[in-house]
Amino acid sequence: MKQYKGLLFLDIDGTFFRWSLFLYMVDRLIKVGVFNETTKKHFVKEEKLWRERKGGYDEYLYKVIDIFESRIVGVNVQDFELLAQEMVDEYKDQVYRYTRDLIKQKIKEDWYIVAISCSPAEAVKPFAKAWGIHEAFASEIGKINGQYTGMRNIPTDKSKYAKKIMARPEFADVPLENIWGIGDSEGDINLLEIVGKSICFNPTLALYQEAKKRDWKIIVERKNVVYEL
């Protein structure tokens with residue numbers, strides 16, 4: 001059994017990937033006609049408010065998720081998987097330098113890298129594979145007879161997945177200081193509070209405030225410059 005020197009847990013969207021695998025996937029579904037053109041009209045208001053900094057990103061995202069869940073029912077699984085792979089092939093290099101370089105460094109140092117994302121597994125897993133990430137957990141969409149049912153298992157409690165990994169025998173000797181977590185929003189707090197080193201990357205206001213209370217590391221990347229606050 002291979003023994004690793006450390007564990008790195010990270011979110012994908014906004015933490016490693018510079019946009020959202022899920023939102024890119026919805027755009028592609030509309031573009032190729034799997035979802036009809038009117039689909040976007042159902043969340044254009046929330047997107048506009050967010051882009052104008054008058055509304056929250058979560059409100060925009062949750063509205064798109066609601067529309068996605070109602071329209072994914074009956075979609076062919078193989079078609080969706082093909083579109084997800086095409087999307088990943090096109091956009092996989094749109095990542096943050098800080099996270100990209102850290103992942104490469106930790107792989108060289110014999111660390112085990114785990115991605116935990118709320119985007120669909122059909123996009124997350126090929127994306128993770130392209131970057132050498134050892135294991136990935138993501139939203140699962142129910143399937144029956146080669147079609148989606150719309151029922152999803154979303155890994156909202158990321159700490160639950162991390163704890164299961166940490167309990168494996170191959171990680172028994174990994175010291176807590178070699179167990180790191182990286183996240184960008186308040187949804188990552190339950191992960192960041194159980195690891196030995198917590199990194200808040202381009203954090204939302206809520207995560208930034210929590211990081212200041214807990215003395216967590218705060219990293220901001222803008223253009224080609226990385227700042228530690």
Side-chain angles (χ1 to χ4, degrees), residues 7-17 19-30 34-35 39 42-43 46 56-88 91-92 112-131 133-168 171 179 181-195 204 206-207:
L7 273 165
L8 175 62
F9 297 101
L10 72 151
D11 180 32
I12 293 291
D13 298 334
T15 301
F16 183 23
F17 191 57
W19 182 226
S20 165
L21 292 173
F22 168 68
L23 292 174
Y24 265 147
M25 195 66 227
V26 171
D27 284 344
R28 187 158 296 247
L29 289 166
I30 294 171
V34 175
F35 291 173
T39 299
H42 292 278
F43 56 82
E46 287 78 9
Y57 176 75
D58 284 348
E59 287 82 1
Y60 164 41
L61 181 63
Y62 293 148
K63 183 65 175 182
V64 182
I65 289 172
D66 287 342
I67 299 301
F68 175 84
E69 289 184 329
S70 67
R71 283 162 171 72
I72 196 65
V73 178
V75 171
N76 183 277
V77 172
Q78 289 186 339
D79 290 347
F80 186 84
E81 290 174 341
L82 178 61
L83 290 172
Q85 184 63 63
E86 289 176 350
M87 184 271 293
V88 169
Y91 296 113
K92 67 179 184 297
Y112 193 80
I113 317 298
V114 181
I116 308 173
S117 172
C118 291
S119 283
E122 290 83 352
V124 171
K125 292 193 174 181
F127 176 82
K129 183 179 179 182
W131 283 101
I133 294 172
H134 298 93
E135 193 166 356
F137 298 93
S139 294
E140 301 285 348
I141 311 170
K143 310 176 188 72
I144 294 179
N145 298 325
Q147 294 183 324
Y148 289 112
T149 65
M151 297 176 61
R152 308 202 309 156
N153 175 35
I154 306 174
T156 51
D157 184 356
K158 296 176 183 178
S159 66
K160 179 179 70 175
Y161 296 86
K163 287 175 182 177
K164 287 182 178 179
I165 297 288
M166 291 160 64
R168 291 179 185 172
F171 305 120
I179 301 178
I182 313 176
D184 73 310
S185 72
E186 52 269 36
D188 300 312
I189 290 174
N190 56 17
L191 166 66
L192 297 173
E193 64 188 2
I194 67 166
V195 298
T204 60
L207 180 58

If you apply the rule salt bridge (charged side-chain N to carboxylate O under 4.0 Å, His left out), what do you find for Glu135 with Lys164, and how did you get there?
CA-CA 12 Å; Glu135 193 166 356; Lys164 287 182 178 179; over 6 Å; no
pair [X]-[Y]: side-chain heavy atoms closer than 4.5 Å:
X: Ile67; Y: Val26; answer: no
X: Pro155; Y: Ser139; answer: yes
X: Ile72; Y: Arg152; answer: no
X: Phe68; Y: Thr39; answer: no
X: Phe43; Y: Asp66; answer: no
X: Asp27; Y: Met87; answer: no

[atom1] of [X] to [atom2] of [Y]: how many Å apart, nearest 0.5 Å?
X: Leu10; Y: Ile113; atom1: CG; atom2: CD1; answer: 7.5 Å
X: Ile65; Y: Leu23; atom1: CD1; atom2: CG; answer: 8.0 Å
X: Ile179; Y: Leu8; atom1: CD1; atom2: CG; answer: 11.0 Å
X: Lys160; Y: Ile165; atom1: NZ; atom2: CD1; answer: 12.5 Å
X: Asn76; Y: Glu81; atom1: CG; atom2: CD; answer: 8.5 Å
X: Phe35; Y: Arg28; atom1: CZ; atom2: CZ; answer: 14.0 Å

Apply the test side-chain contact (heavy atoms from CB on, under 4.5 Å) to residues Trp131 and Ile12: give CA-CA distance (whole Å), side-chain angles for both, the deciding distance (0.1 Å), then the verdict.
CA-CA 11 Å; Trp131 283 101; Ile12 293 291; over 6 Å; no
Checking side-chain contact (heavy atoms from CB on, under 4.5 Å) against Met25, which of Leu83, Ile30, Val88 comes through?
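The side-chain contact (heavy atoms from CB on, under 4.5 Å) with Met25 is passed solely by Leu83 among Leu83, Ile30, Val88.
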Parallel, tilted or perpendicular for Tyr112 and Phe171, by the 30°/60° rule?
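Ring orientation, 0 to 90° scale: tilted.
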For the pair Leu191 and Tyr161, evaluate side-chain contact (heavy atoms from CB on, under 4.5 Å) and give the outcome as yes or no after the intermediate values.
CA-CA 9 Å; Leu191 166 66; Tyr161 296 86; over 6 Å; no
I'd like to know if the side chain of Thr204 pairs up with that of Glu186 as donor and acceptor (distance under 3.5 Å, no hydrogens or angles considered).
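Short answer, yes.
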Shortest non-hydrogen contact from [X] to [Y]?
X: Ala128; Y: Ala136; value: CB-CB, 3.8 Å
X: Ser117; Y: Asp11; value: CA-OD1, 4.2 Å
X: Pro126; Y: Ala121; value: CD-O, 3.8 Å
X: Asp184; Y: Asp13; value: OD1-O, 3.6 Å
X: Ala162; Y: Ile194; value: CB-CD1, 3.9 Å
X: Ala130; Y: Lys92; value: CB-CD, 3.7 Å

Asp79/Val34 under side-chain contact (heavy atoms from CB on, under 4.5 Å): CA gap, chis, key distance, verdict:
CA-CA 9 Å; Asp79 290 347; Val34 175; 5.6 Å; no
Taking everything shown except Lys143 itself, do over 12 heavy atoms lie less than 6.0 Å from its NZ?
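Yes, the 6.0 Å shell around NZ holds more than 12 heavy atoms from other groups.
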Whether the side chain of Asp188 engages the backbone of Ser185 through a donor-acceptor N/O pair (distance < 3.5 Å, no angle test) should be reported.
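Yes, because the side chain of Asp188 sits within donor-acceptor range (under 3.5 Å) of the backbone of Ser185.
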Tyr91 and Leu21: CA distance, side-chain angles, deciding distance, side-chain contact (heavy atoms from CB on, under 4.5 Å) verdict:
CA-CA 9 Å; Tyr91 296 113; Leu21 292 173; over 6 Å; no
Report the residue from Phe16, Trp19, Phe22, Tyr24 that forms a ring-ring contact (aromatic ring centres under 6.0 Å, His included) with Phe127.
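With Phe127 as partner, Phe16, Trp19, Phe22, Tyr24 yield a single ring-ring contact (aromatic ring centres under 6.0 Å, His included), made by Phe16.
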side-chain hydrogen bond (donor to acceptor under 3.5 Å, both in side chains) assessment of Tyr62 paired with Glu46
CA-CA 10 Å; Tyr62 293 148; Glu46 287 78 9; over 6 Å; no
